[in-house]
Amino acid sequence: HILNIANEIKAAFCFAMTYVFLGIGNSGGDIAVELSRHTPQVFLSTRRGAWVLSRMGKGGEPMDQQFIRRVGSLVPISLRRSLFKKIVNERFDHKVFALQPQHPITGQHPMVNDALPHRIIVGSVVIKPNVRSFTKSGVIFDDDTQVNDLDAVIFCTGYKIGFRFIDQSILPVNDNKVELYKYVFPPNLAKPTLAVIGCVQPLGAIFPLSELQGRWVTRVFNGKTPLPPKDFMMKDVEMKREAMQRRYYASKRHTIQVK
């Protein structure tokens, strides 16, 4: 029984069942942790592993408030990565927990989960590598281990970006990549009569960014703030895409990532 996380997740919340979750993003981690409190066994399958952050920093201060500060921009990125990795591994050793990825700690959209290491250490969540194939009643993983008599496989593998209500020639999307100036305006329109709000993946909350996008859009629509020429906008789109590719590992989950 295979469930799509976006459409049928409510049907998965049954007791006395064994699950395999594919994907170790925030959704997959959160749901795996919750179900592990009520089911015999949960397997969490990941291709790359993940750096798992806590919401709480030193002294009980929120982690983001503690580390996202102006002074941080003065520290070389290599040193920041090293220090952050040390702090995160002091909470629990990602290698021992079979979670340590190859990419640097700032090379992924952060996974924030306070309970996952606790569920792993008591055995209710088992970290497994990528699924190689499916059997009649289970799965075979890349390390040749096999789990049988599964009740459900839940895909937490992200979203496919698209705008089905708009012609592709107006707002093209290729391999989850959307060409939008400042992540808002399609640069190929003769007049700025269309804007996209909220098509971003920030490190923090999306609503403050969406509000600022909306304010900018209203100024553009009423003529108070004109957009630059198309060539300038396309160059800006490409520069931002290259900057994100340098920072994050190649994945469809990072195509709309913003710092």
Side-chain angles (χ1 to χ4, degrees), residues 1-56 63 85 88-105 107-160 176 201 248-254 257:
H1 183 40
I2 297 177
L3 302 177
N4 183 289
I5 189 63
N7 300 322
E8 302 181 49
I9 187 59
K10 291 183 180 179
F13 283 86
C14 302
F15 297 156
M17 295 175 68
T18 303
Y19 298 88
V20 165
F21 286 83
L22 302 183
I24 197 168
N26 285 292
S27 297
D30 286 345
I31 302 169
V33 164
E34 291 302 319
L35 279 180
S36 72
R37 296 187 173 101
H38 309 288
T39 60
Q41 190 68 77
V42 169
F43 297 92
L44 186 54
S45 170
T46 170
R47 288 181 294 177
R48 297 184 178 91
W51 298 105
V52 182
L53 311 185
S54 172
R55 292 176 176 83
M56 188 180 297
M63 178 72 79
K85 178 180 177 181
V88 169
N89 269 330
E90 283 177 350
R91 179 179 172 229
F92 73 92
D93 191 327
H94 283 62
K95 186 175 182 179
V96 172
F97 281 65
L99 284 170
Q100 182 164 309
Q102 295 297 319
H103 56 264
I105 196 166
Q108 70 171 61
H109 182 77
M111 180 187 183
V112 182
N113 197 305
D114 293 286
L116 180 59
H118 301 283
R119 305 312 299 169
I120 294 173
I121 204 169
V122 300
S124 57
V125 173
V126 177
I127 302 298
K128 303 295 289 183
N130 195 39
V131 170
R132 181 196 304 162
S133 60
F134 291 89
T135 64
K136 185 176 181 180
S137 63
V139 296
I140 301 174
F141 297 99
D142 278 347
D143 62 355
D144 293 326
T145 58
Q146 185 170 341
V147 176
N148 296 311
D149 300 321
L150 288 175
D151 294 290
V153 176
I154 302 179
F155 286 80
C156 306
T157 50
Y159 299 90
K160 182 178 180 181
N176 255 29
Q201 182 174 250
Y248 298 98
Y249 68 80
S251 172
K252 291 183 179 180
R253 72 181 297 207
H254 292 141
Q257 183 72 42

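Source: prediction; values computed, not measured.
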Can you name the one residue among V125, V122, I31 that meets side chain to side chain contact (heavy atoms under 4.5 Å, CB included) with S36?
V125
Taking only residues two or more places apart in sequence or in another chain, which ones pass ring-ring contact (aromatic ring centres under 6.0 Å, His included) with F141?
none
Please check this pair: side chain of Q41 against backbone of V20, looking for a donor-acceptor N/O pair closer than 3.5 Å.
no
Grab the two heavy atoms, one from V33 and one from A115, that are nearest each other, plus how far apart they are.
CG1-CB, 3.6 Å
Do V147 and V126 have side chains that approach each other closer than 4.5 Å (heavy atoms only, starting at C-beta)?
no
Is any side-chain heavy atom of F97 closer than 4.5 Å to one of V52?
no
What one should report as the nearest heavy-atom pair of N26 and V112 is OD1-N, 2.9 Å
Is there a side-chain contact between I24 and R48, using heavy atoms and a 4.5 Å cut-off?
no
Mind checking the OG1-CG spacing from T18 to L150? Nearest 0.5 Å is all I need.
6.5 Å
With heavy-atom distances below 4.5 Å as the criterion, would you say the side chains of T135 and N148 are in contact?
yes
Spacing of CE belonging to M111 relative to CG belonging to L53, to within rounding of 0.5 Å:
9.5 Å
Would you please say whether a donor-acceptor pair under 3.5 Å links the side chains of D30 and N113?
yes
When rounded to the nearest 0.5 Å, the distance separating OG1 of T157 from CG of L22 is 7.5 Å
Mind listing the closest non-hydrogen atom pair of G49 and P101 along with its distance?
C-CB, 4.0 Å
Taking all non-hydrogen atoms of both residues into account, name the closest pair between S45 and P129 and its distance.
OG-O, 2.7 Å
Between CD1 on residue I120 and CD1 on residue I127, distance to nearest 0.5 Å:
4.0 Å
Applying side-chain contact (heavy atoms from CB on, under 4.5 Å) to F134 and V153, what does each step give before you reach the verdict?
CA-CA 10 Å; F134 291 89; V153 176; 4.0 Å; yes
pair F43-V139: side-chain heavy atoms closer than 4.5 Å
no
Give the minimum heavy-atom separation between T145 and K128, together with the two atoms involved.
OG1-NZ, 2.9 Å
Under a 4.5 Å cut-off applied to non-hydrogen side-chain atoms, are L35 and F21 in contact?
yes
Ignoring hydrogens and angles, tell me if any N or O in the side chain of S124 forms a donor-acceptor pair with the backbone of R119 under 3.5 Å.
yes
Do N89 and Q100 come close enough that some side-chain heavy atom pair is under 4.5 Å?
yes
Please determine whether the number of non-hydrogen atoms from other residues, nucleotides or ligands lying under 6.0 Å from atom CD of Q102 exceeds 12.
no
Decide if atom CZ of R91 counts as having more than 12 heavy atoms of other residues, nucleotides or ligands within a radius under 6.0 Å.
yes
Go through T39 and D151 one step at a time and tell me if the side-chain contact (heavy atoms from CB on, under 4.5 Å) criterion holds.
CA-CA 11 Å; T39 60; D151 294 290; over 6 Å; no
Where is the tightest heavy-atom contact between V42 and A32, given as atom of each residue plus distance?
CG1-CB, 3.9 Å
Counting distance only, does the side-chain N/O of W51 pair as donor-acceptor with the main-chain N or O of H94 below 3.5 Å?
no
